[in-house]
Amino acid sequence: MTDTLVRRTPWPESASRAVVTPLQPSVVYAAESPDALDDQYEGRAPGYAYAREGHPNADVLAAKIDAMEGLSGGFVTGSGMAAVAAAAMGILRAGDHILGANQLYGRSLRMMSTELPRMGVMTGLADPTDAAAMAAAIRPETRMILIEIVSNPTLRVADLHGIAALARDRGILLAVDNTFTTPRAIRPADHGADIVIHSVTKLLAGHSDATLGYVAARDPATNDRMRGFATTLGLTASPFDCWLAERGLYSFDLRYDRAEENARILADRLDGLPGMRRVLYPGRADHPDRDRAAALLGTRTGNMVTFEIDGGRDAANRLVRAARNIAFAPTLGDIGTTLSHPATSSHRALSPEDRAALGLSEGSFRVSVGVEPADLLCAEFEAAIRAAAS
Ligand SMILES: *Cc1c(COP(=O)(O)O)cnc(C)c1O
């Protein structure tokens, strides 16, 4: 290091090129001259200046998710919540109103109840399975509607077409968090969504080793506004996380299809086991939104299964202890099956009465089904549920 300037060692030349996307962790980019920097900032030449403003690994990943969603100009953020924040806080002003679905992801609900009101944005919640209830909650100041298509953990299916028609008629932006459904099941922009959001952390990246988000709007000016907010507030994604997520995306379709098939098999196997009160899966004939799921998602009814057993907390503890090969972890979309208990994780802030109103008890579990052999998975759950009932 003593006989050269620090940044002088050249990159080895090669007549061939790498097959894998290079990982570029550089925070800064050296320009050739002030004129060249002018060209870059004024859009006459492509290039990067500072990683908070953008970097190649984020752009490669965003372009791939854009293609999956049928959108363009989307960008990647440091988490799914950063993407939700870029959509809400990058667009709304004090005095605006945002209407959310009443079963949004927990932190999105927290943003609605705490952060947005603190900044002078009014918020409301309504049931997205009922477009009339959503319409009744709209105010003159409503500027955005935020929904998920399949709710967590009760797996209710939103009336996407009813809500999209409402948003279009009233000139309200419709933002859809497509994390649970993914573009494999539905592309919200093809059904009237103005903004599409992902927690890339979940099924898209798929390996529980990268925390990332994605957001894109159909309107380029809206994209620019959200991107400007994300750059200024530093919602930037790490190049390494983007690189990992891109690697994960190449197997996304395969993982999704296998996990969905497993979910369908597991849901049917759970039904009828001792102490089983109910099984919720949008592809089952007994699901309350089965017809809407079929109309919106076809057979793409996802990898999430929710069930409820008898016996309260004691039975719940027995089940988790017996399911030793299933990670009891509050995430979803990993290649491995994970099990979560809403009463002590995602929904722990709610009173037992409020949980009961959503249909959740101490016996409720949500399963994010992975890609394991279905027979092993079913045997593990069957044994755990028998142990819980004994
Ligand atoms: C996990 C999740 C988020 C938040 O994503 P993070 O990457 O954890 O910040 C947002 N929406 C939904 C539906 C999620 O499941």
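For ligands, and for the atoms within them, numbers begin at 1 and follow the listed sequence.
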How close does the nearest protein non-hydrogen atom get to [atom], and which residue and atom is it?
{"atom": "atom 7 (O) of ligand 1", "answer": "T201 OG1, 2.6 Å"}
{"atom": "atom 6 (P) of ligand 1", "answer": "G80 N, 3.3 Å"}
{"atom": "atom 12 (C) of ligand 1", "answer": "D177 OD2, 3.4 Å"}
{"atom": "atom 2 (C) of ligand 1", "answer": "K202 NZ, 2.5 Å"}
{"atom": "atom 4 (C) of ligand 1", "answer": "Y105 CE2, 3.4 Å"}

Ligand 1-proximal atoms of E148, by part, heavy-atom distance under 4.0 Å: side chain
Examine the proximity of ligand 1 to L332 and report which part, side chain or backbone, both or neither, has a heavy atom under 4.0 Å away.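 For L332, only side-chain atoms sit under 4.0 Å from ligand 1.
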Test: D209 and R247 ion pair at under 4.0 Å: no
Are the charged groups of R156 and D127 less than 4.0 angstrom apart, N to O?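 The answer is no: the pair does not qualify as a salt bridge.
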Looking only at distances, please establish whether an N/O atom of ligand 1 is found under 3.5 Å from an N/O atom of S199.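 Yes; the residue has a nitrogen or oxygen that sits under 3.5 Å from a nitrogen or oxygen of the ligand.
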Report yes if some N/O of M81 lies less than 3.5 Å from some N/O of ligand 1; otherwise report no.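 Yes - when backbone and side-chain N and O of M81 are compared with those of ligand 1, one distance drops under 3.5 Å.
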Measure the CE-OG1 distance between M134 and T129 for me, rounded to the nearest 0.5 Å.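 Those atoms lie 10.0 Å apart.
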Does the pair D271 and R284 meet the rule for a salt bridge (charged side-chain N to carboxylate O under 4.0 Å, His left out), with working shown? CA-CA 11 Å; D271 187 24; R284 275 172 58 89; 2.9 Å; yes
Evaluate the criterion ring pair (Phe, Tyr, Trp, His ring centres under 6.0 Å) for residue pair F365 and H341; output intermediate values, then yes/no. CA-CA 5 Å; F365 284 94; H341 183 242; 5.1 Å; yes
Do the side chain of R300 and the main chain of I186 share a donor and acceptor less than 3.5 angstrom apart? no
Determine, for Y256 and K202, whether the Lys NZ or Arg CZ falls below 6.0 Å from the six-membered ring centre while staying within 45 degrees of the axis. no
